[in-house]
Amino acid sequence: MFPTGLSSPNPPPPPTQEARPLNADVKNDGVSITSPRKRKINGSERDDAAEPISSSPPKTLNSSSSSSSSSYSPTPLHVHKKLRFEDSADLIGPDVKMSEEAAAAAASCSNNRSKAAGHHANGLTKPCGIFSSSKPGAAKKLVIKNFKEKPKLPENYTQETWQKLKEAVEAIQNSTSIKYNLEELYQAVENLCSHKISAKLYKQLRAVCEDHIKAQIDQFREYPSHVLFLKKINKCWQDHCRQMIMVRSIFLFLDRTYVLQNSMLPSIWVPEYLHHVNKRLEEEADRVITYLDQSTQKPLIATVEKQLLGEHLTATLQKGLTHLLDENRIQDLSLLYQLFSRVRGGVQVLLQHWIEYIKAFGSTIVINPEKDKTMVQELLDFKDKVDHVINVCFMKNEKFVNAMKEAFETFINKRPNKPQNTWIQNSSMVIFTLTLLWAFYKKDLAKRLLVGKSASVDAEKSMLSKLKHECGAAFTSKLEGMFKDMELSKDIMVQFKQYMQCQNIPGNIELTVNILTMGYWPTYVPMEVHLPPEMVRLQEIFKTFYLGKHSGRKLQWQSTLGHCVLKAEFKEGKKELQVSLFQTLVLLMFNEGEEFTLEEIKLATGIEDSELRRTLQSLACGKARVLHKVPKSKDVEDGDKFSCNDDFKHKLFRIKINQIQMKETVEEQASTTERVFQDRQYQIDAAIVRIMKMRKTLSHNLLMSEVYNQLKFPVKPADLKKRIESLIDRDYMERDKENPNQYNYVA
């Protein structure tokens, strides 16, 4: 009735409805319509909405078909035809229009066509000629239609019904017997609410309850004994709780359809309930100091905590914790933890719901295939969020930290057919998801190994050894497999050169092949290109050699990973160009001609359009311009023409021409930098709050100095200043009114 956001200790179920007879029964070979609540149609049941029932006595309508006439017979007759409902509208109330077509009934009906339709006293309408039919043997049908107008309540129904309800409420308050059936009272409330009388009914009920409470308070004005006073007021409160549960069971329909849906009515919901409890505890503490002996403080406060919190721990968390965590309500979560810490077993209950929340939220991230691209970032954001809650709201409780780790392990291991995400904690207690580290390190390591640009193989293996120690063998097994592939490839190439010599195969191209196990290396998209005949011939020779030693294996050439060293002659002299396979295919074309368009090069090489544009851009628009482009511009457009730059000059003999990176790569780097700062800002905030909470007042320079000492990573002064301003805006701290260069902690 007056919702508190918590369910009553023993909420009674709503009174069940009895099936009441409908004012019109239609019978037809076992098919009957007898109740506004439920009707059976050819063996199936249908529920109808409850509506006020007319008090007129039920009458029976029987229909019969005849070859000569149609009329309402005073005695029951059976119609041996199957009924068919043309409208799925619910049967509401007694006003039912029925029509049935019967064979050979037109003659009798034609005499009465000019007469007005007759009306029965029970509300049934009998139009003239209702059982007429144009063809003998036509199917009979029963048409059930809705009211043209919604039924109105009888005169004085509202006043009489409220009088009954008022008497029932007063009987409950006075602990006397109720002379009305509870189901009848419940139905009465439902009828009033259905006819838009909810607001008036609520005001009347509230007035009755308030009058009763005022009358009860008057009896406590004069009590000589304090003990009797407390016993009496306790009994009065227990009676009031019991009475309100009974009253609510009668007015349950009003509670659910009007009170809970009206934002203007006073109610208490989580997190408002937490503030309500905190306020009540403070008031009780003040009363003890003002009126009572200090020895009563502990048992009194414990009783209040038990009544307002202890008996509603689970209900409070079920209805409010998810909402608070989703919206990151830091202050309310802090209050929740403080209040639950006061009750025995409260922290443990909160811990269990905390674990369930992390598992549920995390599972939605890792299980959904649509979130593959954003999964890592979302996990990092979620991890930062729960870390912040633990540090600020849960007072860095170690149980919540350990529970969080276990919950993360649980939902991450639900990820099907994906590398297991492992979590590692470094010296600054920051936990990173190694999925991100593994993906980036694997990609960069592959590039270093294939291009031969690793600074030191020993240093690479030392790094793997550290990762293996921290994360386990499962994490580094694929990285170790990459090194194993490179070592095996060297042995294979030694054997291949020996094979070439033994076969006396001529050629001026030196081929080096790296055999990569598909499961170890990053995924590369294969691209079919048009290779020169010399390269195709060497590929076939190597394929014959390799499959002769390893039968049953399949080789797939990765053209995107290939690179070449070309010998070129310019006016300045001979040069060696270290280029990619795609750049090689483009440059070799100029041995066959002087000038080519973009479309001609694309057709000849078979390189994908965007990849070809970047390749030509690196050769004609980069630092080492071995090709001329017409017209001159930074980008490659349709219709551009390319020719060899015979005047190319460079101080080096071997020149590496880098492939132009995709624009998205630069944007991704900027995005990564921004995400790193976003991840770290919570740690900066936590450090500032810890320092200010301990020191209470601190100057700007001293605060900056202490923050730098606590943080384990570099941070710019401008970024640190932004975090201080953010905390000021969120009322964690404030500037001193007299000295703007000094900060005060806000408790």
Side-chain angles (χ1 to χ4, degrees), residues 270-272 274-275 277-278 316-317 320-342 346-358 361-362 378-408 425-426 428-432 676-698 703-704 706-713 715 719-734 743-747:
V270 177
E272 285 80 5
L274 299 176
H275 297 281
V277 172
N278 190 50
T316 303
L317 295 175
L321 181 61
T322 300
H323 173 70
L324 296 180
L325 289 171
D326 286 343
E327 296 189 358
N328 208 25
R329 304 279 288 271
I330 298 300
Q331 293 183 347
D332 294 326
L333 286 168
S334 300
L335 179 59
L336 176 69
Y337 180 79
Q338 294 171 12
L339 293 175
F340 274 56
S341 300
R342 302 178 65 157
V347 173
Q348 187 61 32
V349 176
L350 177 59
L351 182 64
Q352 292 300 322
H353 284 77
W354 167 252
I355 295 173
E356 293 172 5
Y357 173 81
I358 294 177
F361 191 93
E378 288 190 32
L379 286 175
L380 288 172
D381 294 340
F382 181 50
K383 178 61 176 53
D384 288 336
K385 175 182 175 180
V386 295
D387 278 343
H388 187 61
V389 171
I390 291 175
N391 292 334
V392 179
C393 306
F394 297 163
M395 308 297 290
K396 298 182 181 178
N397 190 319
E398 196 66 26
K399 292 182 179 180
F400 286 83
V401 176
N402 295 331
M404 178 268 297
K405 294 179 184 177
E406 294 175 2
F408 265 79
Q425 187 173 16
N426 66 5
S428 60
M429 302 301 289
V430 179
I431 301 176
F432 297 96
V676 170
F677 175 73
Q678 292 294 331
D679 294 340
R680 289 176 171 177
Q681 69 178 10
Y682 300 113
Q683 303 168 44
I684 299 173
D685 289 356
I688 296 173
V689 171
R690 284 196 302 269
I691 294 170
M692 291 303 301
K693 188 174 183 180
M694 179 178 62
R695 302 294 292 272
K696 304 301 181 186
T697 299
L698 208 61
L703 176 60
M704 298 277 283
E706 294 203 21
V707 170
Y708 281 125
N709 291 334
Q710 286 200 14
L711 297 178
K712 303 296 182 181
F713 51 84
V715 58
D719 293 335
L720 190 56
K721 188 175 181 180
K722 289 180 181 178
R723 302 317 310 157
I724 294 175
E725 295 296 335
S726 175
L727 291 173
I728 292 175
D729 292 339
R730 290 180 285 164
D731 294 329
Y732 282 95
M733 54 192 294
E734 63 181 7
Y743 304 110
N744 298 325
Y745 176 69
V746 178

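Partners of Y732 by ring pair (Phe, Tyr, Trp, His ring centres under 6.0 Å), not counting sequence neighbours: none found. Checked against salt bridge (Lys or Arg N to Asp or Glu O under 4.0 Å), E725 has the following partners two or more places apart in sequence or in another chain: R735. E406 pairs by the side chain to side chain contact (heavy atoms under 4.5 Å, CB included) definition with nothing, not counting sequence neighbours. Partners of T322 according to the side chain to side chain donor-acceptor pair (under 3.5 Å) rule, which considers only residues two or more places apart in sequence or in another chain, do not exist here. Listed by chain and residue number, T697, D736 satisfy the side chain to side chain donor-acceptor pair (under 3.5 Å) test with N744 (two or more places apart in sequence, or in another chain). With sequence neighbours excluded, no residue forms a salt bridge (Lys or Arg N to Asp or Glu O under 4.0 Å) with E734. Shown here are the side chain to side chain contact (heavy atoms under 4.5 Å, CB included) partners of K693, two or more places apart in sequence or in another chain: M395, Y745. Legend: residues meeting salt bridge (Lys or Arg N to Asp or Glu O under 4.0 Å) with R730, ordered by chain and number and at least two apart, are D685. Listed by chain and number, the residues in a ring pair (Phe, Tyr, Trp, His ring centres under 6.0 Å) with H353 amount to none (sequence neighbours excluded). For E327, the side chain to side chain contact (heavy atoms under 4.5 Å, CB included) partners are H323, R329, not counting sequence neighbours. Contacts of A687 classified as side chain to side chain contact (heavy atoms under 4.5 Å, CB included), with partners at least two apart in sequence or in another chain: R690, Q710, L711.
Taking 4.5 Å as the limit, some side-chain heavy atom of M404 sits within range of a side-chain heavy atom of D387. With a 4.5 Å cut-off on side-chain heavy atoms, E356 and L317 do not count as touching.
Ring geometry for F400 against F394 counts as tilted: the plane angle lies between 30° and 60°, on a 0 to 90° scale.
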Show your reasoning for whether side chain to side chain contact (heavy atoms under 4.5 Å, CB included) applies to L698 and M692. CA-CA 7 Å; L698 208 61; M692 291 303 301; 4.0 Å; yes

Name each donor-acceptor pair under 3.5 Å that joins a side chain in residues 333-340 to protein atoms two or more places apart or in another chain, with its distance.
| unit_1 | atom_1 | unit_2 | atom_2 | d |
| --- | --- | --- | --- | --- |
| S334 | OG | I330 | O | 2.9 |
| Y337 | OH | N397 | ND2 | 3.0 |

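Although no hydrogens or angles enter the test, the distance criterion places a donor-acceptor pair under 3.5 Å between the side chain of K385 and the main chain of L325.
Around CD of E378, the count of heavy atoms belonging to other residues, nucleotides or ligands within 6.0 Å exceeds 12.
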